[in-house]
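To find a chain, count down the sequence lines: A is the first, B the second, and so on, and within it residues start at 1.
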2 protein chains.
Amino acid sequence: MADNTGSNSADIFIAKFSSYIDLSEQEQEVIEALTQNSMTVDEGQDIILESEKSSSAYLLQSGWAIRYKVVPDGGRQIISFLLPGDIFGFRESLFDLSDDSVQALTPIIVHRLPAEKIAEICDSFTNLSLALTWARAREHAILAEQIVRLGRRNAYERLGHLLLELLHRLQLVDKAGSSEYYLPLTQEILADTLGLSIVHVNRTLRKLRNDKMIELDPKTRRLRILNKEALSERTGYDQSFLDQLGDPSRSPQEAIGSD
Amino acid sequence: MADNTGSNSADIFIAKFSSYIDLSEQEQEVIEALTQNSMTVDEGQDIILESEKSSSAYLLQSGWAIRYKVVPDGGRQIISFLLPGDIFGFRESLFDLSDDSVQALTPIIVHRLPAEKIAEICDSFTNLSLALTWARAREHAILAEQIVRLGRRNAYERLGHLLLELLHRLQLVDKAGSSEYYLPLTQEILADTLGLSIVHVNRTLRKLRNDKMIELDPKTRRLRILNKEALSERTGYDQSFLDQLGDPSRSPQEAIGSD
DNA sequence: CGACTCTTTGAGAGGAATCAATGAGCGTGG
DNA sequence: CCACGCTCATTGATTCCTCTCAAAGAGTCG
């Protein structure tokens, strides 16, 4: 799935689904058809607003986005990150319940999918319907992990755990090296994700650096995890929770290509 | 728990789905057929174990259960509560990823549904497939709320907010009065749900009592919320998040995603 | 009447928030 | 070209929310 010459924008989705489900030629063509017309959204722009009922689903081709909610006192809680290859909005597109908002963290490219289209496709192609169900299950597992992180871990563990999860998820779509990746998050975003204050995120990040767990240059935004084993151990990160969500037949290492 | 006269064990599920989706006579009969053979699980027993791959889904007829995960240090985080009318295990039944466990908090009655059966039904009955999708969306909204609760609220708000959510969810299945219900939770369960210590839950509960927000008798386990408006205001509880999940006035769009 | 489990209280420790202020990098306009 | 304004990262000082340790009621069960 190298994204060089002759590569297709559908590849990332096909590769992702194929890791779990066998798609027929025809089904792959359907995905290709869906990813022909892309739209871009600027950094900071909302794609789905909390109250607005959207009737589309989206395939995220590139860039990072967040799903978030605002609390009465003005605070914000980030529910989850959306990374390349992720699908979002399909739940809201069915019922009028987009209870949370989605915002681009970087410029992103998405493919919009009208609700009718999804319904149509799911009716005709069993495996695509299954792929959608799988994507939902995956999302659920990620949310459950986020709940554990917030409920039962301290700041140090939360941060380290999140950074490991992101490494892992990015590797599944070839967007990370074996232990480093581009992390386009400000400390404020991290704070709103982990239920911490910005100040405390800053201090905890320093601790991680002092402990030689990570290297992070605020300029380049390049994050390197120096000791995955130690950090996983220290933060209670269980790789298997995402392994299940990737390719069961091959080891995760194989999926890591150059980036 | 089971109502006697002429009422049917399928009623709770039919009523729940009907609040959002119009089921045909035939579809209602399918549900009735599914709820004929029930099994009971004792308090404290696990229904789905973390590692064990279960290939069934379950309809929860009566009683309370929790979905939880254990962390390396021995702690436990409760992901969500399962109340009468809820469905669980259907995600795990499709893929081998039951990443969390389910345990009965009270004696419960469930109806087991083999995975093949689900697939079969979803293929044949569009609305039942839609109902399942709806149940998943509902669950997602509840998890998102839990994330906000853990990430951006203090102990007082977390507790009050949870008690309001439970009141609301129980009302949707006729298991609560206008402002009171049976709460079969120990303070330890509350602590593991809200990411707090038992001691702090105890103190916060007392504060809620002192503030005349609630009445709770540890003996009878009867909870009464004395001032819903004040408590909602104080804890940032937004009733609409669940209203959307049970309000019959909204119409669903098209069918999607058979499984 | 012990052995449990669950609740309740007290005291002290500590993790994380808040308040406050400085520095660094960047784009824009005078 | 440099100053001003903006966002983001950093650090110090102080406060406080929540945890941990400890121990004592209270209800239940055999």
Among dA9(D), dC19(C), dA22(D), the one nearest Val199(A) by side-chain distance: dC19(C)
Distance-only donor-acceptor test (3.5 Å): side chain Arg203(B), base dG10(C): yes
Sugar-phosphate only, base, or nothing, as touched by Leu196(A) at under 4.0 Å among non-hydrogen atoms: sugar-phosphate
Spacing of Asn202(A) atom CG relative to dA16(C) atom P, expressed in whole Å: 14 Å
Nearest-neighbour nucleotide for the Pro218(B) side chain, dT8(C), dT10(D), dA9(D) considered: dT8(C)
Candidates dT20(D), dA16(C), dT7(C) - which lies nearest the side chain of Arg221(B): dT7(C)
Which nucleotide in dT9(C), dC6(C), dA16(C) has an atom nearest any side-chain atom of His200(A): dA16(C)
Among dA16(C), dA22(D), dA9(D), the one nearest Ala155(A) by side-chain distance: dA16(C)
Which nucleotide in dT18(D), dT10(D), dT7(C) has an atom nearest any side-chain atom of Arg209(A): dT10(D)
Nucleotide nearest Lys219(B) (side chain, heavy atoms from C-beta), chosen from dT8(C), dA26(D), dT11(D): dA26(D)
Sugar-phosphate only, base, or nothing, as touched by Arg158(A) at under 4.0 Å among non-hydrogen atoms: nothing
Pairwise distance CG(Asp86(A)) to CD1(Ile12(A)) - rounded to 0.5 angstrom: 8.5 Å
Interatomic spacing from CE in Met39(B) to CZ in Arg112(B) - rounded to 0.5 Å: 5.0 Å
Residue Ser197(A), side-chain atoms from C-beta onward, closest of dT7(C), dA17(C), dC19(D): dA17(C)
Side chains of residues 203-211 of chain A: which donor-acceptor pairs under 3.5 Å do they make with residues two or more places apart or in other chains?
{"from": "Thr204(A)", "atom 1": "OG1", "to": "His200(A)", "atom 2": "O", "distance (Å)": "2.7"}
{"from": "Asp211(A)", "atom 1": "OD2", "to": "Tyr156(A)", "atom 2": "OH", "distance (Å)": "2.4"}

Sugar-phosphate only, base, or nothing, as touched by Gly44(A) at under 4.0 Å among non-hydrogen atoms: nothing
Side chain of Thr186(A) (C-beta onward), nearest among dC21(D), dC8(D), dA16(C): dC8(D)
